[in-house]
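Down below is the structure, laid out as structure tokens.
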There are 2 protein chains.
Amino acid sequence: MTEASERFTRLHAALRDRICLLDYTPGTRLSEAELATEFKTSRTPVRRVLARLEDEGLVQTRHGIGTIVTDADIRTMAQTYELRMELAQLAGQLSPRPVQPADLQHLDALCRQAEALVATPDPRAFAVLNMHLHQFLTSLTSNAALCEVSDRLYYQTARIWLLAIPDLDLLSEVQIFAAEIWQIHTALSTGDLRAVALLRRAHISMSFKRLGGF
Amino acid sequence: MTEASERFTRLHAALRDRICLLDYTPGTRLSEAELATEFKTSRTPVRRVLARLEDEGLVQTRHGIGTIVTDADIRTMAQTYELRMELAQLAGQLSPRPVQPADLQHLDALCRQAEALVATPDPRAFAVLNMHLHQFLTSLTSNAALCEVSDRLYYQTARIWLLAIPDLDLLSEVQIFAAEIWQIHTALSTGDLRAVALLRRAHISMSFKRLGGF
DNA sequence: ACGCCATGAATTGCGTACAAAACACGCAGA
DNA sequence: TCTGCGTGTTTTGTACGCAATTCATGGCGT
């Protein structure tokens with residue numbers, strides 16, 4: 001990978017995470033000039049990243065106004081959520097790859113972090129952990145196309161939970177998450193990737209309901 | 001829609017179609033300067049379009065070398081094909097929209113074009129018609145996310161058939177297509193979108209087999 | 001006091017010059 | 001003749017200046 005594309009990847013991931021973790025709340029205006037200054041480059045590479053974020057639906061750029069972080073509410077995202085559920089289930093059917101011991105260790109670590117979170121709940125740390133779980137689960141299928149699409153849809157909907165957390169009970173949510181990740185751990189330890197995928201689908205469905213998407 | 005974004009959309013669609021219809025065969029080098037001259041603009045908007053095409057997997061840009069149309073063979077695209085099949089089926093389940101009389105007329109027109117193609121087979125005209133069928137079928141679901149994803153995957157695999165046609169029997173392929181589109185017409189006229197989707201999935205699966213993807 | 005227009009400030013979109021990188025080609029030397 | 005290096009050419013990547021667009025603000029007219 002060349003230096004330019006490395007920088008692009010880094011910048012893209014940085015801005016994407018800031019948006020999905022609400023460092024940039026919906027409506028925030030991102031200035032190309034400011035970002036260029038912060039990342040010690042010119043507007044050109046920044047514009048390239050922003051164009052991709054716009055393609056992914058995370059920002060919207062308008063001439064003469066600025067680049068604005070898009071809004072994300074559960075009602076308009078209902079269809080995306082539906083699709084995510086189906087794709088989560090597909091991950092258990094389309095070319096799953098053999099489960100390695102390292103996978104179980106990885107998930108073990110995530111489980112421990114979830115339990116630590118129950119002791120000291122924190123919205124942002126929860127969101128980060130949820131993101132890591134997603135990345136781990138997508139790594140379990142060897143279907144590259146499915147991974148790409150799932151990622152894309154995940155980042156489109158990732159903010160919704162964090163935006164809704166003031167209306168929810170954080171401790172309760174964390175406990176539910178910890179239980180879910182343990183269920184997934186149990187299924188994975190038997191090597192049953194289809195069960196893992198079905199659990200994931202069920203969890204996405206239930207979180208959608210809790211968020212008021214009906 | 002602003003003038004700039006209109007130009008972007010037009011340019012993007014033009015290049016995408018040229019790639020998918022093999023006006024630009026895999027390996028072709030696209031010069032930013034040449035495209036800028038052809039479309040009477042500067043390199044800047046062209047680069048933006050090429051960046052998006054790269055994100056979509058249709059070209060690959062490398063510093064100092066050029067922007068090269070990617071290769072597309074059935075073996076490496078097998079996973080994408082698998083996912084396309086599943087999504088085609090999902091289109092019949094996820095928020096299908098009511099079938100309008102205009103829809104049937106539209107499909108009627110496509111059927112007639114398919115029959116005309118049986119009389120005078122032509123690979124390119126066939127590919128165009130296939131593209132139109134895809135666009136029509138994706139318009140039958142109101143799930144915007146599913147439409148976007150299906151489109152993306154369709155354009156990634158669209159070239160494969162056209163590349164393989166020298167090894168196939170064109171007349172036979174056209175006849176199969178004409179039969180398929182009539183089947184879909186029959187299903188649609190009964191308003192059974194689930195059946196339409198299942199037929200589509202079956203057709204994709206069979207074409208994958210004929211292309212040697214196993 | 002209210003509405004309207006003009007003007008200025010801020011921002012993105014575009015065009016162009018230059019830097020960085022990769023390859024083709026020729027030439028020198030063994 | 002073959003190998004290796006250096007240089008020139010072509011291409012994409014970056015930086016920056018300017019054009020186009022939008023919005024806020026203030027002044028003017030009624």
Side-chain angles (χ1 to χ4, degrees), chain A residues 1-16 18-19 22-72 156, chain B residues 1-16 18-19 22-72 156:
Chain A
M1 189 183 259
T2 175
E3 182 192 338
S5 67
E6 263 180 34
R7 169 160 59 178
F8 173 82
T9 303
R10 193 176 57 243
L11 232 163
H12 173 72
L15 293 186
R16 184 197 59 196
R18 287 184 188 180
I19 292 172
L22 298 192
D23 294 331
Y24 298 143
T25 56
T28 303
R29 208 188 57 205
L30 306 182
S31 161
E32 297 178 354
E34 281 181 23
L35 291 173
T37 304
E38 177 185 347
F39 290 98
K40 294 180 173 46
T41 177
S42 77
R43 279 177 55 209
T44 307
V46 172
R47 283 178 59 75
R48 190 173 154 164
V49 170
L50 291 178
R52 178 135 165 196
L53 289 173
E54 183 172 23
D55 180 48
E56 294 170 335
L58 298 182
V59 302
Q60 187 178 14
T61 296
R62 277 186 298 175
H63 190 182
I65 301 181
T67 301
I68 293 168
V69 177
T70 55
D71 199 13
Q156 279 179 14
Chain B
M1 186 183 258
T2 175
E3 181 192 340
S5 68
E6 264 181 33
R7 168 161 60 179
F8 172 81
T9 303
R10 193 175 59 244
L11 231 165
H12 173 71
L15 292 187
R16 185 197 57 195
R18 287 184 187 179
I19 291 172
L22 298 193
D23 294 331
Y24 299 144
T25 56
T28 302
R29 208 188 59 204
L30 306 182
S31 163
E32 296 179 354
E34 281 182 22
L35 291 174
T37 304
E38 175 185 349
F39 290 97
K40 293 179 174 46
T41 178
S42 79
R43 279 177 56 209
T44 306
V46 171
R47 282 179 59 76
R48 192 174 151 163
V49 170
L50 291 178
R52 178 137 164 194
L53 289 173
E54 182 172 23
D55 179 49
E56 294 170 334
L58 299 182
V59 302
Q60 187 177 13
T61 297
R62 277 186 297 174
H63 190 181
I65 301 180
T67 300
I68 293 169
V69 177
T70 55
D71 198 14
Q156 278 179 15

Please check if the side chain of A:Ser31 supplies one atom and the backbone of A:Glu34 the other of a donor-acceptor pair under 3.5 Å. yes
Between atom CG of B:Leu15 and atom CZ of B:Arg52, what is the distance when rounded to the nearest 0.5 Å? 12.5 Å
Is there a side-chain contact between A:Thr41 and the phosphate of D:dT14, meaning an N or O under 4.0 Å from OP1 or OP2? no
Residue closer to the 5' end of DNA chain C, A:Glu3 versus B:Arg7 (nearest nucleotide): B:Arg7
Within this structure, what is the CD-to-P distance between A:Gln60 and C:dG13, rounded to whole angstrom? 11 Å
Contact class for A:Leu50 vs. all strands (heavy atom < 4.0 Å): base, sugar-phosphate, or nothing? nothing
Taking CZ from B:Arg47 and P from C:dT16, how many angstroms apart are they, rounded to a whole number? 15 Å
For A:Arg29, report the nucleic acid contact type (base, sugar-phosphate, nothing); a contact means any heavy atom under 4.0 Å. sugar-phosphate
Nearest-nucleotide check on DNA chain D, A:Ile65 vs A:Lys40; residue mapping nearer the 5' end is A:Lys40
Interatomic distance, A:Arg48 CZ vs C:dC14 P [rounded to whole Å]: 16 Å
If you check the B:Pro45 side chain, which of C:dG15, C:dG13, C:dA21 turns out closest? C:dG15
To the nearest angstrom, how far is A:Glu6 atom CD from D:dG13 atom P? 15 Å
Walk me through it: do B:Glu38 and B:Arg43 pass the test salt bridge (Lys or Arg N to Asp or Glu O under 4.0 Å)? CA-CA 11 Å; B:Glu38 175 185 349; B:Arg43 279 177 56 209; over 6 Å; no
Base, sugar-phosphate alone, or nothing: which one does A:Ile68 contact when heavy atoms must sit under 4.0 Å apart? nothing
Which part of the nucleic acid does A:Thr2 contact within heavy-atom distance under 4.0 Å: base, sugar-phosphate only, or nothing? nothing
Enclosure of A:Glu3 CD (heavy-atom neighbours >12, cutoff 6.0 Å): no
With rounding to the nearest 0.5 angstrom, report the CD to OG1 distance, A:Glu54 to A:Thr61. 4.5 Å
For atom CD of A:Glu32 and atom P of D:dA15, their distance in whole Å: 14 Å
With no angle test and no hydrogens, is the base of C:dT12 tied to the side chain of A:His63 by a donor-acceptor pair under 3.5 Å? yes
What is the separation between atom CZ on B:Phe39 and atom P on C:dC14, rounded to the nearest whole Å? 15 Å
Nearest whole angstrom, please: distance from the P of C:dC14 to the CZ of B:Phe8. 10 Å
Rounded interatomic separation in angstrom, taking CG from A:Leu30 and C1' from C:dA10: 15 Å
Once hydrogens and angles are ignored, does a donor-acceptor distance under 3.5 Å link the base of C:dG15 to the side chain of B:Thr44? yes
Which nucleotide wins on minimum distance to the side chain of A:Ala4, given the candidates C:dG13, D:dT14, D:dT12? D:dT14
By the 4.0 Å heavy-atom rule, please label B:Arg43 as base, sugar-phosphate, or nothing. base
